[in-house]
> 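Got a structure for you, written out below as structure tokens; questions coming shortly.
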Amino acid sequence: MSSIDWLNEVHNRKDSFIKDLQGLLQIKSVLDEENATEDAPFGKGVKEALTYMLSLGEKDGFVSKNVKNVAGHLLYGEGAESVGVLCHVDVVPEGDGWTSDPYKAEIRDGKIFARGALDDKGPTMAAYYAMKIVKELHLPLTKEIRMIIGTDEESDWRCVDTYFQEESMPTIGFAPDADFPIIYAEKGISDFDIVQKYTEASSDSGEVKILRFSSGRRYNMVPDFAQAVLEVKEGAQTEVIQRYQNYLKLENIPGRYLVDNGDLVLELEGVSAHGLEPNNGINAGLKLANFLVELELDEKADHYFQFVKNFFVNDSRGKKLGIDYEDEITGELTLNAGILDYQADHGGKIGQTVRYPVTNDMDQTKEKLIKLLAEYNFSLENFSDSKPHYVEKDSELIQTLSKVYEEQTGEKAKLLSIGGGTYARSLEKGVAFGPLFPGREDIAHKKDEYMYIEDLLKATAIYAQAIYELAK
Ligand SMILES: [Zn+2]
């Protein structure tokens with residue numbers, strides 16, 4: 001049906017699109033559990049954003065459903081099969097430093113600025129208008145079209161968990177909550193702690209006793225700061241300081257020392273990066289651990305820091321742990337030591353996020369790890385696993401979305417594989433499809449979040465044609 005000018009259909013509705021989008025962006029839909037009620041489990045703002053979308057749909061003649069006040073859907077058409085479009089209307093807190101009110105949705109220089117403009121209210125409204133256009137053109141369809149609206153994507157995905165307990169899974173679908181062209185493969189994500197089992201108090205053998213050592217707060221970030229507090233035997237302090245200064249110089253990294261109540265405090269700065277590619281940053285914790293291990297440490301600290309050095313320093317691929325893996329679809333397994341912590345009383349731990357390829361078996365990896373850790377007197381704790389997500393390149397879904405993208409943009413629909421997880425993984429057969437076009441700055445979760453109006457309109461045209469082609 002090349003006779004339909006999708007972008008023109010979008011332009012004909014531009015004014016009402018922007019007005020409806022501004023209305024949605026003006027709702028502060030940040031998770032607020034302190035003020036939760038039975039009919040607003042994630043707070044008043046989040047619920048208001050859900051109601052806003054459902055009411056808009058009802059007004060335009062869609063069948064709406066509120067699923068336990070945490071999710072909802074808008075339906076059009078009928079069929080044994082369904083096409084799902086998965087969106088969310090919750091946003092992360094606005095933070096500081098905005099040029100204009102983050103909930104005003106001001107338009108400047110062709111951009112609309114608001115928390116949620118890109119993630120994910122802008123694309124939600126784009127997908128809604130896409131569905132509305134398909135409906136208003138009275139095109140013949142063989143499948144049901146279903147827009148699913150979540151309200152807890154930014155936190156714990158309790159929206160989709162509840163929704164799919166109550167409602168069926170769409171046959172195929174997409175989530176406009178990441179990047180164009182198409183993300184067809186997402187690595188598995190496993191987070192866990194490796195915990196030292198050595199719990200007896202240290203005998204006072206070492207020259208240096210580590211009282212505390214800590215670096216990083218999140219599994220999925222490369223820590224950019226590390227600190228250790230040391231009790232150094234009389235007379236040895238000057239030498240330790242000298243060695244530390246030499247180390248910083250040699251490694252060319254910023255750091256400092258200070259003496260606090262007789263204890264020696266060492267600090268070191270790394271470079272933060274997302275944990276899905278630790279090589280993009282410098283792990284401050286590992287850098288400091290690599291220095292500490294060379295000192296004459298007390299027994300318990302020595303056990304911990306030797307382990308950290310032997311299995312994590314200079315290895316973000318799990319080679320030393322024997323869990324490295326690589327495939328053609330998603331590349332290498334990556335390993336990020338995001339949280340390093342040691343206390344003289346409790347011992348140490350290393351909090352990890354592992355991003356593993358789609359053909360990698362995490363159950364096997366986990367077995368291997370448990371065995372190895374037991375040998376070294378460590379244990380695996382707080383293990384969580386979100387399976388990889390992958391839709392075959394030659395599937396009808398990928399083929400159709402590629403064709404639509406290429407027709408609408410004139411650009412090649414490059415298939416992307418990523419180490420992160422997108423909302424699409426909550427669909428059995430779904431991919432992330434937009435809204436961020438290649439080359440555009442990713443300002444999701446940042447101050448002055450915006451989306452180009454032109455991009456929103458273009459995305460709407462792409463979604464409209466995609467919905468139609470998938471459901472016809
Ligand atoms: Zn999102």
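All ligand and atom numbering here is 1-based and tracks the order in the structure. Since the structure is predicted, the reported quantities are computational estimates derived from the model, not experimental observations.
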> Counting N and O atoms only, with roles assigned by atom type, does the side chain of Asp152 sit under 3.5 Å from a partner on the main chain of Arg158, one being a donor and the other an acceptor?
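Yes, Asp152 side chain to Arg158 backbone: donor-acceptor pair under 3.5 Å.
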> For the residue pair Phe383 and Phe192, does the interplanar ring angle fall in the parallel (under 30°), tilted (30 to 60°) or perpendicular (over 60°) class?
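Correct class here is parallel.
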> As a test of reading the structure, name the N/O/S atom of Asp177 that is nearest the Zn ion (ligand 1).
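Of all N, O or S atoms in Asp177, the Zn ion (ligand 1) lies closest to OD1.
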> Got a sec: is Asp119 within less than 2.8 Å of the Zn ion (ligand 1) via an N/O/S atom?
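Yes, since at least one N, O or S atom of Asp119 sits under 2.8 Å from the Zn ion (ligand 1).
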> What about Phe307 and Phe378, are their ring centers closer than 6.0 Å?
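Yes, ring centres under 6.0 Å apart.
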> Report the name of the N/O/S atom of His88 located nearest to the Zn ion (ligand 1).
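Checking each N, O and S atom of His88, the shortest distance to the Zn ion (ligand 1) belongs to NE2.
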> Taking the six-membered ring for Trp and the full ring for Phe, Tyr or His, determine whether the centres of Trp157 and Tyr423 are under 6.0 Å apart.
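Trp157 vs Tyr423: aromatic centres under 6.0 Å.
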